[in-house]
Amino acid sequence: MSQQENMALVLACGELKLEKRPVPELCPGDVLLKMGFVGICSTDVHFWSEGKFGDWVVKKPLVLGHEASGTVVKVSCGVNHLKAGDKVTIEPIVPRENDEYVRIGRYNLSPTCFMAGFPPDDGAMCRYYVHKANYCYKLPECVCLEEGALVEPLCVALHACQRGRVKVGQKVFICGAGPIGLLTLLVCKAIGVTLIVVCGLLWAEVILKGRRLTGNGCNDYVTTDCIRNSSCEAIACNINIGHCLLRWHTAIALLASKKVDVKPLITHRFGLEQAQEGFECVKKGAGIKAVINCEQQQCPSLCPQNQCGQQQSQCQTRQCPQHSFF
């Protein structure tokens, strides 16, 4: 393993750069992952463009990425539920100590917990990454690594629906048509919601600022705010991301059963070498969901219809049979 090259996408002084790093060593309870796909979250973009997000401030070089999937390369002693070759998605929050929050099952609130890609903890935008095995969830054979990278945001959508007590036959109004809003829409459809109304940023901002829209019947709807945008003061009705992460098994089951199909949401794909373009793409609001392919840097040279050109970032369709995305 020492002969393998590990490249990591490092944020330092407001700039993204690839940095060669040693392959991480394993401690008891760890697994070594060869990373597959990592989603670019708006949180990552805030760290890159502003150097902070909420109370988290980037003070030293940081590897970003918390929406991640990969393949197990090696397991440490004591790990029995995973083996080399298993596809997994990672839960980015891991408790470091058995404090009061961990003891009551709310480890996400622990002030000392590890949070992948949040300062000061390195994330998963790299070739090889080590994570605690108990916070890696095996993906069924029918769920690909691209889908696995969207399990974390799907958990956020699941949590929003559970917090909103969404049930069969209800009507749901979703503020925000970004990745979380659209994933919430898919979860609502899987639950059996009768009518779903989704509004974009402009109208969502009007509503969330407290202005009344006459004649729209909003009072009859379960309303979910799914906005995380610099121009909006409201953020996803204060959803606590840690609570969402308890829904991992449900999210994976929804993907495996095909009741929720997240693939159409992935509109942009970039290699690690094109990560800068990916972040710029998300910042300007192009497409829906962008992911980083940590294994493949560029499009294959053979690509029909000249769709790919020289860089994988230009390939945004599924029509190229040379790609190993699916």
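We're numbering straight along the sequence, starting at 1.
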Checking [X] side chain against [Y] main chain: does a donor-acceptor pair fall under 3.5 Å?
{"X": "Ser76", "Y": "Gly29", "value": "yes"}
{"X": "Thr89", "Y": "Ala68", "value": "yes"}
{"X": "Thr194", "Y": "Gly169", "value": "yes"}
{"X": "Thr267", "Y": "Ile288", "value": "yes"}
{"X": "His81", "Y": "Ala133", "value": "yes"}
{"X": "Lys283", "Y": "Val45", "value": "no"}
{"X": "His66", "Y": "Asp44", "value": "no"}
{"X": "Lys83", "Y": "Val73", "value": "no"}
{"X": "Arg247", "Y": "Val156", "value": "no"}

Would you check if Phe47 and Pro119 make a side-chain contact, meaning some heavy-atom pair closer than 4.5 Å?
-> yes

Chi angles and distances behind the side chain to side chain contact (heavy atoms under 4.5 Å, CB included) call for Thr184, Val172 | CA-CA 10 Å; Thr184 303; Val172 175; 5.6 Å; no

If I compare all heavy atoms of [X] with all of [Y], which pair ends up nearest, and what's the gap?
{"X": "Ala251", "Y": "Val151", "result": "CB-CG1, 4.0 Å"}
{"X": "Met125", "Y": "Leu272", "result": "O-CD2, 4.1 Å"}
{"X": "Glu67", "Y": "Ile40", "result": "OE1-N, 4.4 Å"}
{"X": "Arg103", "Y": "Asn98", "result": "NH1-O, 2.6 Å"}
{"X": "Lys167", "Y": "Ile191", "result": "C-CG2, 3.9 Å"}
{"X": "Cys294", "Y": "Ala124", "result": "SG-O, 4.2 Å"}

Residue from Ile196, Leu195, Val166, Val197 passing side-chain contact (heavy atoms from CB on, under 4.5 Å) with Lys171 | Leu195

From the list Leu145, Leu150, Val291, side-chain contact (heavy atoms from CB on, under 4.5 Å) partner of Ser69 resolves to Leu145

What is the distance from atom [atom1] of [X] to atom [atom2] of [Y], rounded to the nearest 0.5 Å?
{"X": "Gln274", "Y": "Asn293", "atom1": "CD", "atom2": "CG", "value": "10.0 Å"}
{"X": "Leu32", "Y": "Met35", "atom1": "CG", "atom2": "CE", "value": "10.5 Å"}
{"X": "Gln276", "Y": "Trp48", "atom1": "CD", "atom2": "CH2", "value": "5.0 Å"}
{"X": "Cys41", "Y": "Glu152", "atom1": "SG", "atom2": "CD", "value": "6.5 Å"}
{"X": "Thr43", "Y": "Phe53", "atom1": "OG1", "atom2": "CZ", "value": "4.0 Å"}
{"X": "Glu146", "Y": "Ile266", "atom1": "CD", "atom2": "CD1", "value": "4.0 Å"}

Quick one: do Leu183 and Val262 satisfy side chain to side chain contact (heavy atoms under 4.5 Å, CB included)? Show the steps, please.
-> CA-CA 8 Å; Leu183 284 168; Val262 297; 3.6 Å; yes

Salt bridge between Glu15 and Lys17, side-chain N to carboxylate O under 4.0 Å?
-> no

Taking only Lys NZ, Arg NE, NH1 and NH2, and the carboxylate oxygens of Asp or Glu, determine whether Glu273 and Arg127 approach each other closer than 4.0 Å.
-> yes

Donor-acceptor pairs are to be reported for all side-chain atoms of residues 109-116 against protein atoms at under 3.5 Å, with residues two or more places apart or in another chain.
from	atom 1	to	atom 2	distance (Å)
Ser110	OG	Asp99	OD2	2.5
Ser110	OG	Thr112	N	3.4
Ser110	OG	Thr112	OG1	3.3
Thr112	OG1	Glu97	OE2	2.9

Lys258 atom NZ: more than 12 heavy-atom contacts under 6.0 Å = yes

Taking atom NZ of Lys34 as the centre, does the number of heavy atoms from other residues, nucleotides or ligands within less than 6.0 Å exceed 12?
-> no

Give the intermediate values and the outcome of side chain to side chain contact (heavy atoms under 4.5 Å, CB included) for residues Leu9 and Phe279.
-> CA-CA 12 Å; Leu9 183 67; Phe279 276 71; 4.0 Å; yes

Passes side chain to side chain contact (heavy atoms under 4.5 Å, CB included), Asp122 versus Leu62? Steps please.
-> CA-CA 6 Å; Asp122 283 337; Leu62 177 72; 3.9 Å; yes

